[in-house]
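Below: the structure, in structure tokens.
Only heavy atoms go into these numbers, but all of them, side chains included; no hydrogens, no water, no symmetry mates.
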Amino acid sequence: MRRKQLATVPTGSGLKPIHGTGDPGVLEVLRFFHDPITMIAKRRAEYGDITYIKSFGLEFVIPLTADGCEAIAMNRQKAFANEPAWGFLIGPFFRRGIMLMDFEEHRHHRRIMQQAFTNTHLKGYLQDMQPMLADRVAHLPVGDDVRLLDEFKQVTLDLALEIFLGLDLPRAEADRINKAFVDCVGAGLSIIRRNIPGTRWARGLAGRRVLEDFFHEHLPAKRATPTPDLFSVLCHAQDEEGHTFTDEDVVNHMIFVLMAAHDTSTITLTTMAYYMARYPEWQERAREQSRNLPPEISYDTLDEFTVLDRIMKESLRLNAPVPGLPRRAIEDTEICGHHIPKGTYVAAIGMVNHHDPALWSDPERFDPDRFMTERAEDKVHRYAWMPFGGGVHKCIGLYFAQMEIKTIMHNMLLRYEWSVPDDYRWELDNSTLPVPKDHLPVRLRAR
């Protein structure tokens with residue numbers, strides 16, 4: 001590898017420089033898409049605690065330690081901003097979403113949005129989702145080539161439409177909205193970032209227009225009559241000082257929240273299913289526990305699904321749905337003693353920590369018991385495990401996601417068993433969010 005320094009370190013600062021390969025950005029992006037874990041390991045061996053890569057015409061500083069990731073996520077000096085980085089990547093499609101806001105504005109919006117995720121609302125969402133998810137899981141196809149990614153995606157979309165939107169849409173309309181979300185997500189990491197017909201970018205822009213029109217169409221009814229769904233809750237939510245969301249705020253937040261909830265839950269479910277198919281002893285351990293718990297999950301019994309909880313955590317470690325937390329330095333600063341000039345893009349990448357042998361024993365092995373209290377490998381560092389981000393931008397819907405995932409998996413375990421050939425190993429497509437290229441074909445059998 002060619003070795004190149006990112007920037008000149010100010011004389012007398014005592015800070016250290018950051019080095020990278022200096023290779024063209026397209027090569028860096030292709031390497032990451034092909035095998036990000038190997039790329040990170042090689043960079044750590046070559047450059048130590050921190051490096052930088054070129055991506056989409058920009059240079060991103062990537063800490064290769066948990067301390068460095070924590071510095072970005074916690075942002076204690078408020079030297080890093082979300083909007084310039086996320087705005088560059090996904091701004092045209094998810095603009096004004098909660099993750100794209102910073103500092104006081106972010107705090108203001110999050111305080112209002114938090115009202116939609118109180119214990120009272122979470123209990124209501126869980127109660128409402130139980131029969132719907134049980135019915136969807138009961139109608140999954142069985143056979144030798146069931147693509148679980150596609151099936152989970154449909155289930156989570158149906159859940160989002162019913163619980164988040166409170167709408168019972170015709171299948172054709174639901175498919176149209178789903179496609180719009182898929183196109184928006186797929187556009188974020190486009191190499192061609194211009195509105196050229198036929199490109200991912202153009203499809204993403206068109207998808208955004210579809211979603212805006214859809215939410216604006218249904219918004220007056222949600223404003224008029226309070227209902228238990230998230231859409232209506234956001235229309236009527238207010239913070240302690242009585243502040244509420246405008247119509248534009250509601251639309252922007254709904255587009256972002258539905259994307260975040262829909263795709264991340266789908267990836268987590270697919271990853272859990274993959275590892276339970278490869279390691280049937282874990283599938284059976286989870287099934288045995290589900291048999292001994294009530295068929296319908298309640299808010300008070302969620303914590304009793306300890307085996308599913310460990311499988312979920314290990315799956316999130318091995319394949320975090322959100323690859324990284326990008327930021328941009330709004331002033332000269334430093335990360336763990338390394339100079340970060342103003343304007344530099346940085347990113348805390350979860351897999352840096354999740355696969356670090358300094359933090360985890362045999363990190364490439366599927367081992368849910370590493371999350372047991374007696375071992376607690378996830379506690380060796382505050383950011384050893386960070387699938388939900390951290391700091392003030394930590395995922396606002398993480399408890400909802402865990403309710404959804406456990407409910408779906410609990411019903412799957414009671415109704416089915418699934419398997420893959422002994423020599424099957426999935427290949428991930430990292431060009432957007434990490435999903436199996438073949439959509440995870442399994443042999444699904446009713447019990």
Check whether any side-chain heavy atom of [X] sits under 4.5 Å from a side-chain heavy atom of [Y], and report yes or no.
X: I267; Y: P434; result: yes
X: I50; Y: I18; result: yes
X: L325; Y: M386; result: yes
X: F152; Y: I408; result: yes
X: D429; Y: P436; result: no

What is the ring orientation for [X] with [Y], classed by angle as parallel under 30°, tilted 30 to 60°, or perpendicular over 60°?
X: W385; Y: F371; result: perpendicular
X: H121; Y: Y125; result: parallel
X: F400; Y: F164; result: tilted
X: Y275; Y: F366; result: parallel

Would [X] and [Y] count as having a side-chain donor-acceptor pair, cut-off 3.5 Å?
X: T156; Y: T266; value: yes
X: N82; Y: H393; value: yes
X: T301; Y: S298; value: yes
X: H381; Y: D67; value: yes
X: D249; Y: T246; value: yes

State the [atom1]-[atom2] distance between [X] and [Y], to the nearest 0.5 angstrom.
X: T21; Y: I53; atom1: OG1; atom2: CD1; answer: 9.0 Å
X: R328; Y: T344; atom1: CZ; atom2: OG1; answer: 8.5 Å
X: Q238; Y: I112; atom1: CD; atom2: CD1; answer: 9.0 Å
X: L308; Y: S290; atom1: CG; atom2: OG; answer: 5.0 Å
X: Q402; Y: F305; atom1: CD; atom2: CZ; answer: 13.5 Å
X: M312; Y: T268; atom1: CE; atom2: OG1; answer: 8.0 Å

Taking all non-hydrogen atoms of both residues, which atom of [X] and which atom of [Y] are closest, and how far apart?
X: L148; Y: A273; value: CD1-CB, 3.7 Å
X: F245; Y: L234; value: CD1-O, 3.7 Å
X: I396; Y: F117; value: O-CG, 3.9 Å
X: R194; Y: T199; value: O-OG1, 3.6 Å
X: V155; Y: R136; value: CG2-CB, 4.1 Å
X: N353; Y: L359; value: O-CD1, 3.7 Å

Inset, instruction - Take E212 and R208 through the test salt bridge (charged side-chain N to carboxylate O under 4.0 Å, His left out) and record every step on the way to the result. - result: CA-CA 6 Å; E212 286 180 349; R208 170 73 193 202; 2.8 Å; yes
Over 12 foreign heavy atoms within 6.0 Å of [atom1], [X]:
X: D49; atom1: CG; answer: no
X: I192; atom1: CD1; answer: no
X: Q114; atom1: CD; answer: yes
X: H216; atom1: NE2; answer: yes
X: E427; atom1: CD; answer: no
X: Q77; atom1: CD; answer: no

Does a side-chain N-to-carboxylate-O contact under 4.0 Å join [X] and [Y]?
X: D247; Y: R223; result: yes
X: K179; Y: D183; result: yes
X: D35; Y: R31; result: no

Inset, instruction - Among E240, H243, H106, find the residue that satisfies the side-chain hydrogen bond (donor to acceptor under 3.5 Å, both in side chains) test when tested with R111. - result: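 The single option meeting the side-chain hydrogen bond (donor to acceptor under 3.5 Å, both in side chains) with R111 is E240.
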Legend entry - Matching residue for F214 among I255, L167, V251, L219 - test: side-chain contact (heavy atoms from CB on, under 4.5 Å):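 Answer to the side-chain contact (heavy atoms from CB on, under 4.5 Å) test with F214 among I255, L167, V251, L219: L167.
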Legend entry - Geometric cation-pi criterion, R317 with W360: 6.0 Å, 45°: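 Pair R317/W360 counts as cation-pi.
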Legend entry - E28: which of R43, K54, K4 passes salt bridge (charged side-chain N to carboxylate O under 4.0 Å, His left out):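 Checked R43, K54, K4 against E28; only one passes salt bridge (charged side-chain N to carboxylate O under 4.0 Å, His left out): R43.
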Legend entry - Sidechain-backbone polar pair: S232 side chain, P228 backbone, donor-acceptor under 3.5 Å: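 No, S232 side chain to P228 backbone: no donor-acceptor pair under 3.5 Å.
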Inset, instruction - Flag the pair F215 / F231 as yes when their ring centroid distance falls below 6.0 Å, and as no otherwise. - result: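 So the answer is yes for these two rings.
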Legend entry - Between W201 and F93, ring centroids under 6.0 Å: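 Yes - the distance between ring centres of W201 and F93 falls below the 6.0 Å cut-off.
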